[in-house]
Amino acid sequence: MSRSGIAPRPVTTWVILGVVGLVFLIPIVSMIEFTLRGADGGYDFRHWAALVDPANAGKYAPIWRGLQGSLVLSITTVAIVLFLLAPTMILVTLRFPALRRPLEFLCLLPLSIPAIVLVVGLSPIYLTIGRSVGTGVWTLAFAYGVTVLPYAYRAIQANLDAIDVRTLTEAARSLGAGWGSVLLKVLAPNLRVGLLSASLISVAVVLGEFTIASLLNRQNLQTALFIVNKQDPYVAVILALLALLFAFLLLLAIGRVGTAAALRRTTPKKDPT
């Protein structure tokens, strides 16, 4: 059977896309409509303006502290992905290929473990961490480094499978490059798409995480929104919309980078002669 024979009709395609679009669009439009409601029954930007009003600085202070904590967590978690996970995956690919399946199993395991169960297992560890290095919000990066493993692993591994890591490494080593130069100057540029995708996905996961921070009594963006929501539900919805917009921009950046890299690989280079 030809591909055209099993493909849906154009009308069916548009109907499916329309239904899926409505599923996502209706809640977002409802959130926007809620934030624009005025006291007199009309619509205005009073609630949006209140978010940046200096008179409300004390009221919304937990949000900015939570956002600052989430940004610190994002940077620390991305550092764990780039400087611990990525080199480990490269090492396994080059020297220990038999360990690829066990490593994949370990990295994907957090998908099957509920966050509350993960917190129960990490609680004794965080008691020790709190006594030794303090209870700063940055310490959540150790737990977040575990939760982002499945997403970061898939992004990096897809890029590793798309290039010949062994040939690139052997060629660089035969030319006298050290292992540091091989990682930074040879492999990292070829893994740019995977590393960037893993980093952006990690940031999105960290900014949206609530359960671990709440149960471990740390304040990030989501726990701050929960606190402020009790006083002003409008600002919580506004920041939820901004978080959705930020996540959309991250996904758009991942798609653009991946598309640009694919075009560079498939576009033939012009012969200078």
Side-chain angles (χ1 to χ4, degrees), residues 70 73-115 117-118 121-122 140-174 177-209 211-212 246-267:
S70 291
L73 285 170
S74 299
I75 295 172
T76 311
T77 305
V78 169
I80 292 175
V81 170
L82 295 181
F83 299 110
L84 183 60
L85 177 62
T88 301
M89 295 176 64
I90 293 173
L91 178 64
V92 169
T93 301
L94 293 175
R95 293 294 184 88
F96 309 103
L99 296 179
R100 174 176 172 176
R101 293 305 179 188
L103 177 64
E104 181 179 7
F105 174 78
L106 290 176
C107 290
L108 298 182
L109 190 60
L111 284 177
S112 62
I113 302 177
V117 176
L118 187 63
L122 291 174
L140 282 180
F142 302 121
Y144 288 171
V146 175
T147 58
V148 304
L149 275 179
Y151 316 104
Y153 176 85
R154 281 303 188 190
I156 298 174
Q157 189 60 53
N159 203 169
L160 280 172
D161 293 337
I163 64 174
D164 193 344
V165 179
R166 188 176 298 276
T167 300
L168 289 173
T169 302
E170 291 177 353
R173 292 288 291 168
S174 65
W179 282 109
S181 298
V182 171
L183 286 174
L184 297 177
K185 297 181 180 180
V186 178
L187 296 182
N190 286 279
L191 295 174
R192 180 173 61 253
V193 175
L195 295 177
L196 180 60
S197 299
S199 300
L200 295 180
I201 292 173
S202 299
V203 171
V205 171
V206 170
L207 292 179
E209 204 286 321
T211 305
I212 296 177
F246 182 69
F248 172 77
L249 294 177
L250 286 181
L251 293 176
L252 183 63
I254 293 174
R256 291 295 299 271
V257 171
T259 302
L263 289 175
R264 284 196 297 269
R265 288 195 298 266
T266 56
T267 302

Side-chain donor/acceptor of S197 to backbone N/O of G194, under 3.5 Å: no

Side-chain contact test, heavy atoms from C-beta onward, threshold under 4.5 Å: evaluate it for F246 versus V203 and give yes or no. yes

Are L160 and L191 close enough that some pair of their side-chain heavy atoms sits under 4.5 Å apart? yes

Measure the CG-OG1 distance between L118 and T211 for me, rounded to the nearest 0.5 Å. 10.5 Å

Answer yes or no: is there a donor N or O on one side and an acceptor on the other, between the side chain of T77 and the main chain of S74, under 3.5 Å? no

Show me the donor-acceptor pairs, under 3.5 Å and distance only, between side chains in residues 88-102 and residues at least two apart or in other chains.
unit_1	atom_1	unit_2	atom_2	d
T88	OG1	L84	O	2.6
T93	OG1	M89	O	2.8
R100	NH1	D161	OD1	3.4
R100	NH2	D161	OD1	3.4
R100	NH2	D161	OD2	3.2
R101	NH1	E104	OE1	2.7

Which residues satisfy the side chain to side chain contact (heavy atoms under 4.5 Å, CB included) test with V186, sequence neighbours excluded? L168, A172

Carefully, step by step, assess V165 and L187 under the rule side chain to side chain contact (heavy atoms under 4.5 Å, CB included). CA-CA 7 Å; V165 179; L187 296 182; 3.9 Å; yes

Identify the residue among V81, T147, L85 that makes a side chain to side chain contact (heavy atoms under 4.5 Å, CB included) with S202. V81

Give the minimum heavy-atom separation between A115 and I212, together with the two atoms involved. CB-CG1, 4.4 Å

Checking side chain to side chain contact (heavy atoms under 4.5 Å, CB included) between T169 and each of D164, L183, V182, which is the one that passes? V182

Answer whether the closest heavy-atom distance between the side chains of R154 and L108 falls below 4.5 Å. yes

From Y144 atom OH to L207 atom CG, the distance as rounded to the nearest 0.5 Å: 9.5 Å

Show the nearest heavy-atom pair for residues A141 and I80, with the distance to one decimal. O-CD1, 3.5 Å

Spatial distance of atom CG (L140) from atom CD (E209) [nearest 0.5 Å]: 7.5 Å

The reported gap from OG in S199 to CD1 in I75 (rounded to nearest 0.5 angstrom) is 11.5 Å

Minimum-distance pair of heavy atoms, taken over all atoms of P87 and L82: CD-O, 3.3 Å

